[in-house]
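Structure record follows, encoded as structure tokens.
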Amino acid sequence: MGRPRTQHQSGTAVAEKTRTEYPKQYKVILLNDDYTTMEFVVYVMETVFMKTPAEAIQIMLQVHKSGRGVAGVFSKQIAEAKIDRVHAEAQREGFPLKCVMEEE
Ligand code: TYC
């Protein structure tokens, strides 16, 4: 490891500063609707997004009142997997609950 070194004409190796690259992060955003029960949204917050009961209620109410809310921030792969899980569980219960992802 260590810094990359550039060979100059003189033959002297000069250490360069590296730029640290981070993987992109994505917000998973929960959307409001008129049919999904509050209880199911709280259940999803607790089981898919690992929120405490108090956090789960707070996020659910925020979505209910304002139309949307952030369930969490994840790498692309994890965000996609969580969204798939929410949609699968909602469909199984017959609820139209939807979430989307947005690059942070
Ligand atoms: N608005 C729903 C109701 O009154 C509750 C709800 C909250 C639905 C959050 C979806 O993402 C949601 N039953």
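Each ligand, and each atom within it, is numbered from 1 in the order the structure gives.
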*For the student: nearest non-hydrogen atoms of I59 and K51, plus distance*: CD1-CE, 3.7 Å
*Flag D34 as yes when one of its N or O atoms lies below 3.5 Å from any N or O atom of ligand 1, and as no otherwise.*
no
*Judging by distance only, is a nitrogen or oxygen of H64 under 3.5 angstrom from one on ligand 1?*
yes
*asked:* Show the atoms of ligand 1 that are less than 4.0 angstrom away from any heavy atom in V63.
replied: 9 (C), 11 (O), 12 (C)
*Please name the pair of heavy atoms, one in G69 and one in V63, separated by the smallest distance, quoted to 0.1 Å.*
N-CG2, 3.5 Å
*State the atoms of ligand 1, each with its element, that fall below the 4.0 Å cut-off from a heavy-atom position in L30.*
11 (O)
_Check this for me: does any side-chain nitrogen of one of E80 and R85 sit under 4.0 Å from a carboxylate oxygen of the other?_
no
_I need the atoms of ligand 1 closer than 4.0 Å to a non-hydrogen atom of L31, numbered in the order shown._
10 (C), 11 (O), 12 (C)
*Minimal non-hydrogen separation, L97 against L31, with atom names*: CD1-O, 3.8 Å
*Please round to the nearest 0.5 Å and tell me the distance separating atom CD of Q25 and atom CE of M101.*
10.0 Å
*Quick one: nearest non-hydrogen protein atom to atom 2 (C) of ligand 1, plus distance?*
D33 O, 3.2 Å
*asked:* Evaluate Y35 for polar contact with ligand 1, using N/O atom pairs at a separation under 3.5 Å.
replied: no
*Does a side-chain heavy-atom distance below 4.5 Å link N32 with R68?*
no
*Among all protein non-hydrogen atoms, which one is nearest to atom 7 (C) of ligand 1, and what is the separation to 0.1 Å?*
N32 OD1, 3.6 Å
_Option with minimal heavy-atom separation from atom 13 (N) of ligand 1, where the choices are L97, V41, T36, T37_ = T36
